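Below: the structure, in structure tokens.
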There are 2 protein chains.
Amino acid sequence: MVTLKDIAREAGVSVMTVSRVVNGQLSKVSEENIKKIQEIIKKRGYVPNSTARSLSAKASNIISVIVQGSGNELINPYNATMVGEIVPYVQEKGYYLMLHFIDNYDDITQRLRAWNARGAIFIGTFDHDVKKIQQDNRIPLVFTDSYSSVRQIINIGIDDYKGGVLAAKHFINKGHCSFAFVGRTLTSGVIQQRLNGFRDTLEEHGFTMSTEHILDESDIQNPAKIIKSFKEPVTAIFAASDTLAYSIIENFKKLGCRVPDDYSIIGFDGLPIGNCVSPHLTTIYQDITKKARLACDILFRHIDDPSFPAGNTVLDVELIERDSVKTIET
Amino acid sequence: MVTLKDIAREAGVSVMTVSRVVNGQLSKVSEENIKKIQEIIKKRGYVPNSTARSLSAKASNIISVIVQGSGNELINPYNATMVGEIVPYVQEKGYYLMLHFIDNYDDITQRLRAWNARGAIFIGTFDHDVKKIQQDNRIPLVFTDSYSSVRQIINIGIDDYKGGVLAAKHFINKGHCSFAFVGRTLTSGVIQQRLNGFRDTLEEHGFTMSTEHILDESDIQNPAKIIKSFKEPVTAIFAASDTLAYSIIENFKKLGCRVPDDYSIIGFDGLPIGNCVSPHLTTIYQDITKKARLACDILFRHIDDPSFPAGNTVLDVELIERDSVKTIET
DNA sequence: CTGAAAGCGCTTACAG
DNA sequence: CTGAAAGCGCTTACAG
């Protein structure tokens with residue numbers, strides 16, 4: 001392996017002079033030496049040793065991306081898109097990206113400290129541990145979609161509540177009167193907010209949605225049971241994600257129920273698949289690319305200026321109308 | 001930050017004794033000291049500094065996963081699934097995972113060397129650069145889906161040719177007589193092999209597929225033009241991936257053509273989506289989880305024993321019959 | 001503009 | 001079972 005020392009010896013200068021050239025402090029080195037050193041670096045294929053650099057600088061060029069969970073978390077297209085957007089953006093800035101799937105809080109600190117990560121981006125629900133994570137890790141930490149009550153938090157989220165509102169209004173405008181919601185209501189603020197926005201808006205318009213119509217993801221494996229449990233015949237279902245929406249569509253199809261003929265459905269996320277597969281999905285769109293880039297930008301800013309104030313950024317959502325909601329004539 | 005030195009001081013022993021405990025060389029330390037040191041480590045929340053370790057050991061605990069491309073490479077569900085399977089498996093073994101999207105060959109060596117990566121797994125087409133990559137990086141390198149002509153290569157692939165054979169036979173069995181193929185034929189051996197298996201089998205059974213019926217992915221944006229270019233009316237289309245298959249289905253739908261009524265289609269990969277969305281896709285299934293795990297296992301083996309021989313492992317594929325191929329009565 | 005010294009936190013190799 | 005010494009490849013801080 002070629003080291004600074006090797007280059008220095010060959011150039012007949014000290015290690016420090018080479019180090020300066022490598023780090024672009026060219027104003028501090030004579031032109032003659034710069035040229036000579038750069039040539040040798042190129043010829044030898046010298047690559048700076050980041051482990052040595054990090055040890056010396058007490059900080060690395062590593063950005064850690066932490067996805068909640070311990071299985072294949074990228075099967076979820078939302079997670080995959082987020083991570084996939086972050087990778088090239090982080091690379092572009094000269095950082096290296098470590099990817100972690102973590103369920104256990106202790107692992108986060110361990111993994112961040114082991115490599116002296118320069119910063120971290122969190123994908124998934126960490127609401128419960130935000131405070132502890134912050135206390136143990138004095139580096140910029142950017143959360144996404146957090147509804148943690150911690151006041152000093154760097155977070156990028158979307159207007160989940162509004163998403164619910166838009167879905168409810170759309171159904172109402174299309175003449176629907178009986179509603180259901182499907183999502184993991186217990187696990188995250190995100191889903192809770194989508195539900196709240198949906199339910200509040202229904203009530204504002206004089207409709208109610210009884211508890212039996214609020215379903216967990218796992219329930220839809222047994223659609224017959226669901227339909228039986230409904231207090232009245234449901235025509236409009238709001239799914240907490242696009243993938244969930246398609247899962248519902250397929251499960252109901254087994255019973256001979258078709259979307260949008262027998263049921264109307266609105267998804268959430270606005271994934272490309274919603275426009276690539278039938279029925280095209282009416283959905284609440286969020287700009288995942290923008291969210292990912294923004295998370296990175298804010299992280300970079302906090303790395304450059306640790307005194308930059310924390311804050312919660314909320315991106316807008318919008319309804320995209322496609323083919324999964326039927327108009328009911330009254 | 002807590003260091004070995006801090007622990008040593010508090011325990012009244014040398015740094016080496018603590019180091020031994022941290023590294024599990026417990027047979028070399030007295031029970032009394034082990035206990036004392038372990039308690040202090042826990043109390044202080046000591047985390048070994050991996051950058052120091054790596055520098056000292058001249059090798060890191062980092063496995064680099066290198067995906068070919070420079071955009072959002074995880075929008076592709078195949079890539080996302082592969083990476084998503086590798087992450088927890090690598091973590092389980094005590095390694096850290098760096099994720100890179102790389103287009104340019106030089107970047108590979110730079111990124112691998114910078115961190116003294118312990119090994120690397122390649123996802124995507126690197127056939128052209130395998131030799132150079134191997135020459136510059138003396139660590140275990142596991143390629144996937146490579147058709148490089150380099151003899152000494154560690155590769156995990158699938159029987160792409162057989163996939164083509166199975167697709168052809170299935171169409172023929174169902175009474176089809178006129179065929180087309182869609183895929184990026186120029187870019188990779190993978191697609192080329194799928195095409196070869198398909199075409200060879202057709203010919204063995206007395207059918208031919210003219211060049212006009214071999215289409216590039218980009219062509220399907222304009223389905224009307226495609227249909228016009230066909231030498232004869234096609235009933236059977238073999239798509240080089242599931243996502244491509246759905247894309248074809250949607251594009252043809254714009255012309256009022258339905259699958260499988262007007263066209264039959266077979267996909268490739270066996271992604272979950274093929275069973276979650278209509279029409280359920282008849283497809284050539286490959287076990288991506290197995291492939292990912294195997295790539296890791298082989299990498300680990302080569303890390304543990306650098307003299308372990310290189311080799312090409314080929315996983316089987318099978319046809320999964322679902323609803324996208326129609327039977328043609330003759 | 002240049003370089004010698006010290007140190008980052010660990011491990012390797014050796015001596016006891 | 002224990003530890004002192006040297007070194008991994010860099011950077012920081014200082015002196016010239």
Side-chain angles (χ1 to χ4, degrees), chain A residues 1-38 40-41 44-62 94 96 110 112-118 139, chain B residues 1-38 40-41 44-62 94 96 110 112-118 139:
Chain A
M1 197 171 51
V2 187
T3 68
L4 274 192
K5 216 171 165 182
D6 298 326
I7 309 290
R9 192 182 305 131
E10 189 165 341
V13 298
S14 76
V15 165
M16 270 316 299
T17 304
V18 181
S19 172
R20 288 186 180 108
V21 172
V22 169
N23 291 295
Q25 301 171 15
L26 300 184
S27 61
K28 297 179 183 169
V29 183
S30 71
E31 273 195 43
E32 185 197 15
N33 274 337
I34 293 177
K35 208 168 209 170
K36 199 199 304 178
I37 291 169
Q38 282 176 335
I40 300 175
I41 285 177
R44 290 265 167 275
Y46 170 70
V47 175
N49 183 324
S50 290
T51 64
R53 258 188 180 166
S54 308
L55 177 59
S56 185
K58 294 177 168 237
S60 72
N61 274 293
I62 294 173
Y96 293 84
Q110 190 275 319
L112 251 26
R113 283 206 198 153
W115 290 98
N116 264 316
R118 197 65 167 283
I139 55 171
Chain B
M1 196 173 50
V2 187
T3 67
L4 274 193
K5 216 170 164 184
D6 298 326
I7 309 288
R9 192 182 304 131
E10 188 165 342
V13 298
S14 76
V15 165
M16 271 315 299
T17 303
V18 181
S19 172
R20 288 186 181 109
V21 172
V22 169
N23 291 295
Q25 301 171 15
L26 301 184
S27 61
K28 297 179 183 169
V29 183
S30 71
E31 274 196 41
E32 185 197 13
N33 273 338
I34 293 177
K35 207 168 211 171
K36 198 199 303 178
I37 292 169
Q38 282 177 334
I40 300 175
I41 285 177
R44 290 265 168 276
Y46 169 71
V47 175
N49 183 325
S50 290
T51 63
R53 260 188 179 165
S54 308
L55 177 59
S56 185
K58 292 175 169 241
S60 72
N61 275 292
I62 294 173
Y96 293 84
Q110 191 275 319
L112 251 27
R113 282 206 197 152
W115 290 99
N116 264 316
R118 197 64 166 283
I139 55 171

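Note that the coordinates shown come from a computational prediction; the quantities given were computed from them, not determined experimentally. A note on names: the letters A, B, ... follow the listed sequences, proteins ahead of strands, and every chain is numbered from 1.
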* With B/P48, which of B/V22, B/T3, B/I41, B/L4 fulfils side-chain contact (heavy atoms from CB on, under 4.5 Å)? ->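 Of B/V22, B/T3, B/I41, B/L4, side-chain contact (heavy atoms from CB on, under 4.5 Å) with B/P48 is met by B/V22 alone.
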Measure [atom1]/[X] against [atom2]/[N] and give the value in whole Å, please.
X: A/N23; N: D/dC10; atom1: CG; atom2: C1'; result: 9 Å
X: B/Q25; N: D/dG3; atom1: CD; atom2: P; result: 15 Å
X: B/R113; N: D/dG9; atom1: CZ; atom2: C1'; result: 15 Å

Atom pairs, N/O to N/O, protein against nucleotides 4-8 of chain C, distance under 3.5 Å?
from: C/dG7; atom 1: N2; to: A/S56; atom 2: OG; distance (Å): 3.2
from: C/dC8; atom 1: O2; to: A/S56; atom 2: N; distance (Å): 3.4

* Within less than 4.0 Å of OP1 or OP2 of C/dT11, is there a side-chain N or O belonging to B/S19? ->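 Affirmative; the distance criterion is met.
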* Asked: Hey, is the side chain of B/T17 poking within less than 4.0 Å of OP1 or OP2 on D/dT2, counting only N and O atoms?
  ->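 No.
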* **Nucleotide pairing, DNA chain C (Watson-Crick or G-U, distances under 3.5 Å), in dot-bracket with [ ] and |** => |||.||||||||.|||
* DNA chain D-proximal residues of residues 28-38 of chain A, any heavy atom under 4.0 Å ->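 Within residues 28-38 of chain A, no residue comes under 4.0 Å of DNA chain D.
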* Tell me what A/V22 touches on the nucleic acid: a base, only sugar-phosphate, or nothing, going by heavy atoms under 4.0 Å. => nothing
* Asked: Looking across every strand, which nucleic acid part, if any, lies under 4.0 Å from B/S27 by heavy atom: base, sugar-phosphate, or nothing?
  ->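 Sugar-phosphate only.
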* Has the side chain of B/S50 got a donor or acceptor atom that lies under 3.5 Å from a matching backbone atom of A/W115? -> no
